[in-house]
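Side chains are part of it too, since the values below use all heavy atoms of this structure and drop only hydrogens, waters and symmetry mates. One-based numbering along the sequence shown.
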Amino acid sequence: MNRKLISKAISDIDDSFIAESMSPPVVKTDHAPERTSNMGKYENKRNSVNSRKLISLILAACLIFTLAITAYALNLFGIREMFRTKNQDLPVEIDPYIQQHSETVAARDWGATVTESFCDPTRVMVTVSVTGGDKYIIVPTDATPEHSVSVIGIDGDETLGEYAAAQGKELLCVCASLRQNEELGIFTEAMTFVNSSDSEMHILVDATRSNGNMISNAACWVYAVNAAGERVDTLQIPIELTEAPATEAGNFVPDNPNAIPGLTVHSVSVEETPLGWTVRFISEITDDVAFENFKRMDCDELTDFDGGGFVLEDDGTWSTTWTMGKGNISDTLTVHFYDWDDQLIGSIVFYKG
């Protein structure tokens, strides 16, 4: 398809931890699981700052939640199409920067291919296709033999275990990750899974970056466990990333940095990429108890954005980054802060310096 036409913390995680986190949960359900990580507008979690180290470890460890989607009728599984399965449309400006790939690594009875990638200073997105050949039924890592076959887009009352037995195959639970590291600067990842057949699954890895360093060489790790949660294989697929350009819009300073109880906001940097606006706040949590009353924030100048949580930086400050912002930012940025009752706590106007 010609698209022009139509943290270090992660690298320190031991493989055994990743295998454990991928093990299917002991749960029985009769419908497809649908869960996503909190990749939307930032919302504070109650009691989330009782330990600052806990917040940063949760983010750095890249706890993965999944979204299982039925998509048998879908024929394309690139980045744009995978987002559409989540009812999200990406801006057309990213199309020239979506890279086509065909890097493939095969194990004895299954294999994986990286098909597309997109990278800018704040996000890395990669799509991976996994095939199970004649031996495996490919399922997401949160699936168990007791789950319904609807998890992989099949109608009927059978469980995955019953279906695999009838086909004379085994279940293979698969996940993908950009495990790195301080080079990529990844602090959260979200996965989306779509089956195009019982033996082929497509994965979107959507990673949020914190450092914005220029990168080129990376690797996608594809993990597979069996239905009992035992590691089958790990495939490492080297890929070359091409970073999309970013235009700095300037640094903004607050009119009242202490307007929000428990929080001092020092500065905001703004840049624009093909994905949209990126807004990065640098703050200091001055009172954990007061900060727990803070739930979310929005902005007059942006109609929509994706946001992450607060990340502890090496210098002791906390950063919060919005990405994929839609709207217009010129010389001011007006940000509103809300409590758990969605009542306004206060507002800060940031002026371009």
- Carboxylate-amine/guanidinium proximity below 4.0 Å for D233 and R108: no
Is the backbone of [Y] close enough, under 3.5 Å, to the side chain of [X] for a donor and an acceptor to pair up by distance?
X: E200; Y: N195; value: no
X: E81; Y: G78; value: yes
X: S148; Y: S150; value: yes
X: W221; Y: L178; value: no
X: R80; Y: P91; value: yes
X: W340; Y: E292; value: yes
X: K352; Y: A249; value: yes

Just checking, any donor-acceptor pair under 3.5 angstrom between side chains of [X] and [Y]?
X: S319; Y: E313; value: yes
X: T323; Y: T278; value: no
X: T144; Y: E146; value: yes
X: E189; Y: S177; value: yes
X: S117; Y: H101; value: yes
X: E116; Y: Q100; value: yes
X: N258; Y: T264; value: yes
X: R280; Y: S269; value: no

Shortest non-hydrogen contact from [X] to [Y]?
X: E243; Y: D120; answer: CG-CA, 3.9 Å
X: G133; Y: S199; answer: O-CB, 4.0 Å
X: T141; Y: C175; answer: CG2-CB, 3.3 Å
X: A246; Y: T273; answer: CB-CG2, 3.8 Å
X: I345; Y: F294; answer: CD1-CA, 4.0 Å
X: K326; Y: D89; answer: NZ-O, 4.5 Å

- Validation row, ring centre F291 to ring centre F310 under 6.0 Å: yes
- Around D157, counting heavy atoms of other residues, nucleotides and ligands shown, do more than 12 lie under 6.0 Å from its CG? no
- Message: Would you say that more than 12 heavy atoms from the other residues, nucleotides or ligands in this model lie under 6.0 Å from the CG of D314, or not?
- Response: no
- Task: Kindly give the cluster partners of Y351, where membership spreads through any ILVMFWY side chain lying under 4.5 Å from a current member.
- Result: V349
- Is the F77 ring parallel, tilted or perpendicular to the H202 ring (thresholds 30°, 60°)? parallel
Per-pair distances, 0.1 Å, donor-acceptor, side chain in residues 332-339, under 3.5 Å, sequence neighbours excluded:
from	atom 1	to	atom 2	distance (Å)
H336	ND1	S347	OG	2.6
H336	NE2	D300	OD1	2.8
H336	NE2	D300	OD2	3.4
Y338	OH	D298	OD2	3.4
D339	OD1	D341	N	2.9
D339	OD1	D342	N	3.1
D339	OD1	Q343	N	2.8

